[in-house]
Structures are given as structure tokens and as C-alpha cells.
Amino acid sequence: MSKPTPLSGFPELLPAQRAVEQQVIDTLRHTFELHGFAGIETRAVEPLDQLLRKGDTSKEVYLLRRLQEESVEGHAGIGLHFDLTVPFARYVLENAGKLDFPFRRYQIQKAWRGERPQEGRFREFTQADIDIVGRDTLAFHHDVEVTRVMVDALTRLDFLPGFRLQVNNRKLIQGFYAGLGIRTGDGGTDEVMRLVDKLDKLPVDKVRDLLLQEAGLSVENADRVLELATIRSDDDGFVAAVRALGVEHELLDEGLAELAELVRGCADLVTDRVRVTADLSIARGLDYYTGTVFETRLDGYESMGSICSGGRYDALASDGRTTYPGVGISLGVSRVVVPLLARTGLSASRSVPSAVLVAVVDEGSRATSSAVAADLRRRDIPCEVAPDAAKFGKQIRYAERRGIPFVWFVQPTDDGGVTHQVKDIRSGQQVDADPAAWTPPEADLRPTIVSTVEHEENQ
RNA sequence: GUGGGUAUAGCUCAGCUGGUAGAGCGCCGCCUUGUGGUGGCGGAUGUCGCGGGUUCGAGUCCCGUUACUCACCCCA
């Protein structure tokens, strides 16, 4: 059989790279739990009518089909989920009677989309979602809360480049448009938002043309819409800038107040590396968002698009009697990690968890070496025993290849006992050690992330 | 979906107008009979993506095909 080739869009990592991704996932999980979010996992598949519910036919859904499928449709009527929000909405409805509201959960899972792969865009990828969902109502301070949780998480991912969270509020946009007299419904304001959303790709004049021709705006309104979209600030200064445009509407006031509260509510967490910016061009396409919207750019990778996005949806789910509003944000783990592994030297300090390799003198004494390993593991020191009793030079090389920092030597003595020594193969230093007491330095206990990100930032 | 590029050793690649397959790195062994890395010497490895065609002869030229890849489109 010839050598298998990679499948486009289905990334697989080598152990050292996977260690980086694992570190990201562990950090996210840890942070989410620190903020009191409970973990859940939903099945990989949903019924097709659930997946296509939002009219999201643009999503390329992978269908499930048995090899011996005989139905007329030719498939089982279920498909792999393309995000974690749709399954979560279904899960909330299904378990509404058993959940306590407001319900806060995190979910870190694979999702699948059939779209053509590109850098940062895959057919199989991992997402990390947090959402807070209420029954009938959900206070706005939860919008601030999920933002703060994600800022906290991104801050803790300190081996990655910086992030800029861009926040906006759909009430603000819609109120502004309504104040201008742009008709709502029939995709009127949605169309304008969709076009404004292209500002990061098309020049302003081009977008203006589109606003005039495709959305049918007056010249004056198009200019106002564009003026709004160019407003951005790292504090609540955007409020005055919007007011200066002279548009009045109740919904606009509400949106301004919410967005200002959000930006002020995150101010104490903002650093040079993780910023929060009010960016009034952010609209998030034709989605189900009704208030707060987020996008996030990774410094140095702006062209890749948003790596972490979400927002407020007043009707995440509804069973006809009860409506469940929510606010959530989703981080593209694969989108962040895979391009960084490819484009920078980002990797782990070793390809195995082992901090120690216990050498083997000869096969007859393997049990002695295994006993040393057991002693170390009793104190949570990851270690392994050499695979064969090769020359010590080869056993050291075995450790070196894998990045294992310490080799443990058990030497028989003339009186029938043994001596124990541990060697730091980076320095060459070798010292007597007690298997029941010796501990490596804290920094060597687990693989660490080796980051060359500074170099990347200088470009 | 549209258009371009690429496919040769484990990896990165060279191979001109057709003449039986190469380099660097890595790997293995020895120098080094129980402690690696640097150095020296030696060694192994290929359906040249796949199928067809032209030719005395194809990695090289032609046609087809598959995969990968980049851009566009679309979208998180």
C-alpha cells in the first residue's frame, strides 16, 4: 500500500504541536471553570431540520449516510454540526426542565463544514464556546460577563500573539438606520449592514457605490452610514462621536448605553496584548444577533478574519411558550493554533510528557528501573522507562530526541545494592538522587510552549 | 463553484533541447566496550502521484486523471 496523503481541511498535528493545542484547550477550560461555567458535550450530529433551521443553507453540511442506505433520500436525515450554537440551542430546549437558569456552559468540540479549506479555515476544526442562557429574560450584565471571561482566557493564553476584541451593538446600528429613515424589514437594514461589513475588504468608495446601488440609499444617508461605521474607540468616547452625527432614535440610545457599559465594564482587564475596542463597523452578517456583537482579530493575522466571535441573541431557542435569550462567544481553536504552528516556530519543549527517562542496565534489572519510575509517578512526575538496555549513550540520545530533560541511572554496587543518579542532559550535570524524594524543577515538570511570536510581531 | 500552481528519498528540493536517479538535512553504523550533543569515516533509502500516448529510449514531451496548494466567491 502506498503512503497515505493528507486530507485537505482535516488537519492532524504531530505530538509536540498537539501539546500546544492541548495547552490552549486546557487554559480555556480552566478559565471557563474559574468563572463558573459547566462543561457539556453534545453529540456530533443533529437532525437536518435543526441544522438548516436558520435558513443557513450557505453552510456546507456533511450528511450522514449508511453504506447500505436504501431510503428514497439516500441519507439518514442527520448531519454533522457546523458550529456549537445550534446543538446547544437544541440541547437547552430538550433539557429545559432539568437545567437551572440562567444556565452557563462551556463546550469545546469539533465542528465540520464542507467549505473549501484555506489558511485558518478547515473542514474539521475545534471550537470553544461559552454561553449564558436565560428563561424569558437575561440581564445585560451577562453580555459584559462573557466578554470579560473571554478577555481573561485570551490574556491567559500568553504564548500567543495579542488579540483585539471588536465590539458593537446591533441596536445601535439599527436605531441609527431607523433614525435616518432607512426602512426596516425585508432585508433593508440587513442589506446595509451586510454591505458595511465589507469595509475591511473593500475601499470606502466601493462600499459607498454598493450602498447607493444595491441598497438604494440616498447619497446623504450613505455618507451617514459610512461615517457611523468608521467610528471606533478604546473607551466610551464613541458615544459623543455618534451623537455628533445628529441622529435620534430610541433604539440608538439603548444600543449606545449598552455598548458604553460593555466597554467600561472591561476596562480593568484590558492590557497591551488583549484590547477591547468599540468598532461600529462590526455587524456580523445576516445572523441571529440582536444586541451585542463581537469579533476578534489576532495580531499579525488580521487577514484571516475573526478568530473569536459571537453576541447576544434574544431568541436562541423557543418552544412556543418559553423563549430562551442568550449571549455567547465562540473561539476558533483550530483557526488560532494551526496557522501559528505553520507560520511561526510555535511548538512544545518536548514531544512527550515525560520529564524523566529511567535508564535500563540490562533486561534482568528492568524491574528495578520500573520501580524507580513508579516512585516518581507517585509524586506526579511524568516519566518512562527506556525501551531497551542499549548503551547509555543511546539511551541518553533517546531522551534527547524527545526533549526529555532528565535521565535516571540505577547502578548496581558491589555489595548487591544500587545507587541512584539523575542527569540533566542539557547541562550534563549528574547528581545522586533518591527516587522517593527527588523532584525536577517546576519548569521541567510539564512540556512548555516555545514561542517565537516576538519575531512575528516585529514584521 | 471559477482560475492558476505543484507532485522526484523521512523532510526541503535540484535534475537544461529526452539517454537507466542526485544534493543538503535527517536516519543507521564505526572511530568511542556502558554517558548523548561537536568532529571524522562509512552506509541504507525511491512504482519520479496514477493511467495512457509519442519514441529505439520518458522524471523530462503530449493527453487524461487524482491529490495537494494559492487566489477568487462565500462565510464564521
Please list, chain by chain and in numerical order, all residues satisfying side chain to side chain contact (heavy atoms under 4.5 Å, CB included) with A/Asp234, sequence neighbours excluded. A/Arg164, A/Thr277
Rounded to whole angstroms, how far apart are CD1 on A/Ile282 and P on B/C75? 15 Å
Give a yes or no on whether A/Arg29 atom CZ has more than 12 heavy-atom contacts from other residues, nucleotides or ligands under 6.0 Å away. no
Starting from P on B/U35, measure out to CG on A/Leu357 and report it in whole angstrom. 16 Å
Counting the atoms with a prime plus P, OP1 and OP2 as sugar-phosphate, which does A/Gly332 contact under 4.0 Å by heavy atoms, base, sugar-phosphate, or nothing? nothing
Atom pair distance, as rounded to whole Å: CD in A/Gln429 and P in B/U35: 19 Å
Taking for A/Pro6 and for A/Lys391 the nucleotide of RNA chain B with the nearest heavy atom, the one nearer the 5' end belongs to A/Lys391
Separation of A/Lys423 atom NZ from B/G37 atom P, in whole Å? 11 Å
Can you tell me if A/Glu363 has over 12 outside heavy atoms packed within less than 6.0 Å of its CD? yes
Distance check needed: B/C74 P versus A/Arg123 CZ, whole Å only. 18 Å
Pairwise P distance for B/G37 and B/C28, with rounding to whole Å: 12 Å
Separation of the C1' atoms in B/G10 and B/G5, to the nearest angstrom: 25 Å
So A/Ser306, base contact, sugar-phosphate only, or nothing? Heavy-atom distance under 4.0 Å. base
With sugar-phosphate meaning primed atoms plus P, OP1 and OP2, does A/Val361 contact a base, only sugar-phosphate, or nothing at under 4.0 Å between heavy atoms? base
A/Arg273 vs A/Leu160 side-chain heavy atoms within contact, under 4.5 Å: yes
Answer with yes or no whether the side chains of A/Gln174 and A/Arg170 bring together a donor and an acceptor at under 3.5 Å. no
Who pairs with A/Ala373 by side chain to side chain contact (heavy atoms under 4.5 Å, CB included), at least two apart in sequence or on another chain? A/Val358, A/Arg377, A/Cys383, A/Val385
Give the dot-bracket string for RNA chain B, reading 5' to 3', where a pair is Watson-Crick or G-U wobble with both distances under 3.5 Å, ( ) marks pairs inside the strand, [ ] marks pairs crossing earlier ones, | marks a partner on another strand, and . marks unpaired. (((((((..((((.....[..)))).(((((.......))))).....(((((..]....))))))))))))....
Determine the interatomic distance between C1' on B/G29 and the same-named atom on B/C70; round to the nearest Å. 43 Å
Using nucleotides 39-43 of chain B, report all nitrogen or oxygen pairs with the protein that are shorter than 3.5 Å.
none

B/A58 and B/G18, which share atom name C1', separated by this distance in whole Å: 6 Å
Out of B/C75, B/U35, B/G36, which nucleotide sits closest to the side chain of A/Ile425? B/G36
Only counting residues at least two apart or in another chain, list the ones meeting side chain to side chain donor-acceptor pair (under 3.5 Å) with A/Gln107. A/Thr42, A/Arg105, A/Gln109
Go through it in stages, so that I can follow the logic: the residues are A/Asp299 and A/Arg275, the test is salt bridge (Lys or Arg N to Asp or Glu O under 4.0 Å), and I'd like the CA-CA distance, side-chain angles, deciding distance and then a yes or no. CA-CA 11 Å; A/Asp299 291 350; A/Arg275 289 94 64 199; 2.8 Å; yes
Measure from CG on A/Asp424 to C1' on B/G37 and round the result to the nearest Å. 13 Å
Is there any ring pair (Phe, Tyr, Trp, His ring centres under 6.0 Å) pair reaching into residues 384-404 of chain A, and which pairs are they, with sequence neighbours excluded? A/Phe392-A/Phe409
A/Thr413: side chain to side chain donor-acceptor pair (under 3.5 Å) partners, not counting sequence neighbours: A/Asp415
Taking only nitrogen or oxygen atoms into account, show me every contact under 3.5 Å that the protein makes with nucleotides 3-9 of chain B, one pair per line with its distance.
none

Which residues in residues 392-403 of chain A have at least one heavy atom lying under 4.0 Å from any atom of RNA chain B? A/Phe392, A/Gly393, A/Lys394, A/Gln395, A/Ile396, A/Arg397, A/Glu400, A/Arg401
Separation of the C1' atoms in B/A44 and B/G26, to the nearest angstrom: 13 Å
Taking the side chain of A/Arg113 as heavy atoms from C-beta outward, which of B/C75, B/C68, B/C73 is closest to it? B/C75
Please report the distance, rounded to the nearest Å, between CD in A/Glu119 and C1' in B/A71. 13 Å
Could you point out which residue of A/Val146, A/Thr292, A/Val293 forms a side-chain contact (heavy atoms from CB on, under 4.5 Å) with A/Arg312? A/Thr292
Say we look at B/U8 and B/G15: how far apart would their P atoms be, to the nearest angstrom? 14 Å
Residue set satisfying side chain to side chain contact (heavy atoms under 4.5 Å, CB included) with A/Arg379, at least two apart, ordered chain then number -> A/Leu376, A/Ile381, A/Thr439
The side chain of A/Phe409 lies closest to which of these nucleotides: B/C68, B/U35, B/A71? B/U35
Which residues satisfy the side chain to side chain contact (heavy atoms under 4.5 Å, CB included) test with A/Ser354, sequence neighbours excluded? A/Val352, A/Glu384, A/Ile404
Distance between the P atoms of B/U12 and B/C72, in whole angstroms? 25 Å
Expressed in whole Å, how much space separates the P atoms belonging to B/C11 and B/G46? 14 Å
Return the value, rounded to whole Å, for the distance between atom CG of A/Leu7 and atom P of B/G49. 20 Å
Phosphate oxygens OP1/OP2 of B/A67: is one of them under 4.0 Å from a side-chain N or O of A/Ser8? no
For A/Pro339 and A/Met304, the nearest pair of non-hydrogen atoms, with its separation, is CG-SD, 3.6 Å
Take the angle between the ring planes of A/His81 and A/Trp112 and call it parallel below 30°, perpendicular above 60°, tilted in between. tilted
Name every donor-acceptor pair, under 3.5 Å, that has one atom in a side chain of residues 324-334 of chain A and the other anywhere in the protein, sequence neighbours excluded.
from, atom 1, to, atom 2, distance (Å)
A/Ser330, OG, A/Asp129, OD1, 2.8
A/Ser334, OG, A/Thr126, N, 2.7

